[in-house]
**Q** 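Handing you a structure now.
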Amino acid sequence: MHQYASWRISLNGVSDPRFFGNVHQHWNAEHKLAKKIFGHGLPSEVLLHGIHKAHHVLYHKGTADVHGNLIWAGDLLDIFKAGTIDNRLRPVLYTYVIDDSDMWKFSETGAALSVNVVSKHILHSAASPTIRYSGEFHWRPVVDGYWSGLHGTNALEDASTQWELVIDNNSGTYAPDKRLLPNLKALLEFNFPGLRVVALEHEDPALKLSKEALAEYARRQRHHRPGLEWGRS
């Protein structure tokens, strides 16, 4: 069975008026599955119990846990390279939430799909009715064609390649306000000086192209894993 890593990073300044201030994102009342989870009665209670257990499994402390301070963009990049065979950034899609405790929680998208829950983002939020923001993100090299333009197969090329974080609001469960995407970008760049962030709305054609290049590179390099998909949940 594939073992997925999950991360929790405490962010500074989330409540700063330059970023999210006192704005929270409520669960999406138009989302069919979210209505089941946050409804009333025994079915909702059963779902919530399962989500809380799954959240514990994904984020429980273990012997392989690593703790530390992330000071700048390079520190953030390093945690995505840690544990890989060739010390490379991998072509992977991540699911994230920034919860009401200002914690940025994320894992490979496949990690959330490996547990029997109905929403990836509700899993990461531990079924909180409100969060600060949510969506998906991935890394891409700053070269023509993004991942499709990266032809090297060794870690040396990574050292000479600039990387940027592409993050979106692709979360049907919470449907984060797209008008706050610039605030999200500014928040992450504030927390990790030197980080290049591209924040895109989930229906932006540029986001689709970027994810397609990521998926194609993953297939080409045989790093593709179950759960690397683009559905909104």
Side-chain angles (χ1 to χ4, degrees), residues 6-31 34 59 67-81 89 92-107 109 112 119-142 146 162-211 214 232-233:
S6 58
W7 291 265
R8 289 178 290 190
I9 299 175
S10 180
L11 297 176
N12 296 319
V14 176
S15 296
D16 189 300
R18 294 173 297 170
F19 307 128
F20 292 147
N22 62 359
V23 177
H24 296 254
Q25 307 296 316
H26 192 271
W27 66 271
N28 181 8
E30 302 301 319
H31 193 273
Y59 284 103
H67 303 270
N69 295 319
L70 305 178
I71 307 301
W72 70 296
D75 296 333
L76 182 64
L77 279 164
D78 285 344
I79 71 170
F80 290 90
K81 294 180 180 181
L89 285 173
V92 171
L93 188 67
Y94 297 88
T95 299
Y96 79 91
V97 301
I98 300 174
D99 68 16
D100 285 341
S101 67
D102 301 347
M103 195 72 71
W104 184 21
K105 297 179 178 179
F106 55 90
S107 69
T109 294
S119 165
K120 303 186 293 291
H121 295 100
I122 282 182
L123 170 60
H124 287 288
S125 75
S128 173
T130 62
I131 57 167
R132 289 310 195 113
Y133 218 76
S134 61
E136 295 172 325
F137 70 84
H138 62 278
W139 293 98
R140 72 182 183 191
V142 186
Y146 308 124
Q162 283 189 303
W163 296 88
E164 58 189 11
L165 183 73
V166 181
I167 195 162
D168 62 44
N169 63 335
N170 189 26
S171 170
T173 308
Y174 293 103
D177 188 346
K178 65 182 179 181
R179 293 172 295 181
L180 290 174
L181 282 167
N183 304 61
L184 175 64
K185 168 183 166 69
L187 174 67
L188 294 175
E189 291 176 343
F190 169 76
N191 275 268
F192 307 103
L195 180 65
R196 295 175 57 127
V197 179
V198 178
L200 299 172
E201 204 274 328
H202 76 97
E203 292 183 334
D204 192 320
L207 179 64
K208 180 180 178 182
L209 289 175
S210 186
K211 287 183 175 181
L214 173 78
R232 199 166 197 236
S233 64

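Residue indices begin at 1 and follow the sequence shown.
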**Q** Roughly how far, to the nearest 0.5 Å, is OG of Ser125 from NZ of Lys120?
**A**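 It is 13.0 Å, given to the nearest 0.5 Å.
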**Q** With heavy-atom distances below 4.5 Å as the criterion, would you say the side chains of Asn170 and Lys211 are in contact?
**A** yes
**Q** Tell me every residue that passes side-chain hydrogen bond (donor to acceptor under 3.5 Å, both in side chains) with Ser210, counting only those two or more places apart in sequence or in another chain.
**A** His138, Arg140
**Q** When you measure from the side chain of Asn69 to the backbone of Ile71, do you find a donor-acceptor pair of N or O atoms at a distance under 3.5 Å?
**A** no
**Q** Can any side-chain N or O of Asn28 pair as donor or acceptor with the backbone N or O of Tyr174 at less than 3.5 Å?
**A**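 Between the backbone of Tyr174 and the side chain of Asn28 there is no qualifying donor-acceptor contact (under 3.5 Å).
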**Q** Classify the ring geometry of Phe20 against Tyr133: parallel below 30°, tilted from 30° to 60°, perpendicular beyond 60°.
**A** parallel
**Q** Would you please name every residue forming a side chain to side chain contact (heavy atoms under 4.5 Å, CB included) with Ile9, sequence neighbours left out?
**A** Leu11, Leu70, Leu76, Ile79, Trp104, Phe106, Phe192
**Q** Begin with the C-alpha distance, continue with both residues' side-chain angles, and end with the deciding distance and a verdict on side chain to side chain contact (heavy atoms under 4.5 Å, CB included) for Leu187 and Ile98.
**A** CA-CA 11 Å; Leu187 174 67; Ile98 300 174; 4.2 Å; yes
**Q** Does the Arg132 side chain pair with the main chain of Gln25, one donor and one acceptor, at a distance under 3.5 Å?
**A**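 Side chain of Arg132 to backbone of Gln25: no pair is present.
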**Q** Would you compute the distance between atom CG of Leu165 and atom CD of Glu189 and round it to the nearest 0.5 angstrom?
**A** 9.5 Å
**Q** Checking Tyr146 against Glu164 for the side chain to side chain contact (heavy atoms under 4.5 Å, CB included) test, could you report, in this order, the C-alpha distance in whole Å, the side-chain angles of both residues, the deciding distance, and whether it holds?
**A** CA-CA 10 Å; Tyr146 308 124; Glu164 58 189 11; 4.1 Å; yes
**Q** Give the C-alpha distance, both sets of side-chain angles, the deciding distance and a yes or no for side chain to side chain contact (heavy atoms under 4.5 Å, CB included) between Ile167 and Lys185.
**A** CA-CA 8 Å; Ile167 195 162; Lys185 168 183 166 69; 6.0 Å; no
**Q** Can you list the residues that meet the side-chain hydrogen bond (donor to acceptor under 3.5 Å, both in side chains) rule with Glu203, with sequence neighbours excluded?
**A** none
**Q** What residues form a side chain to side chain contact (heavy atoms under 4.5 Å, CB included) with Leu77, not counting sequence neighbours?
**A**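 Residues passing side chain to side chain contact (heavy atoms under 4.5 Å, CB included) with Leu77: Leu89, Trp139, Trp163.
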**Q** Using the test side chain to side chain contact (heavy atoms under 4.5 Å, CB included), find all partners of Ala127 that sit at least two apart in sequence or belong to another chain.
**A**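 Result, side chain to side chain contact (heavy atoms under 4.5 Å, CB included) vs Ala127: Leu48, Ile51, His52, Ile122.
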**Q** Donor-acceptor pair, distance only, cut-off 3.5 Å: does the side chain of Asn169 make one with the backbone of Pro176?
**A** yes
**Q** Check the pair Thr173, His124 against side chain to side chain contact (heavy atoms under 4.5 Å, CB included), reporting the backbone distance first and the verdict last.
**A** CA-CA 12 Å; Thr173 308; His124 287 288; over 6 Å; no
**Q** Let me know which of Phe137, Tyr96, Phe80 forms a ring pair (Phe, Tyr, Trp, His ring centres under 6.0 Å) with Trp7.
**A** Phe80
**Q** Taking salt bridge (charged side-chain N to carboxylate O under 4.0 Å, His left out) as the cut-off, I'd like each qualifying pair that reaches into residues 93-104, sequence neighbours left out, listed once.
**A** Asp99-Lys105
**Q** Please tell me if the side chains of Asn183 and Val23 come closer than 4.5 Å, counting only heavy atoms from C-beta onward.
**A** no
**Q** Test your reading of the model: is there a side-chain donor-acceptor pair from Glu136 to the backbone of Asp168, 3.5 Å cut-off?
**A**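 No; judged by distance alone, with no hydrogens or angles, the pair does not exist.
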**Q** Would the distance check show the side chain of Asn191 and the main-chain N or O of Asn12 forming a donor-acceptor pair, the cut-off being under 3.5 Å?
**A** yes
**Q** If you round to the nearest 0.5 Å, how far is CG of Leu181 from CZ of Arg179?
**A** 11.0 Å
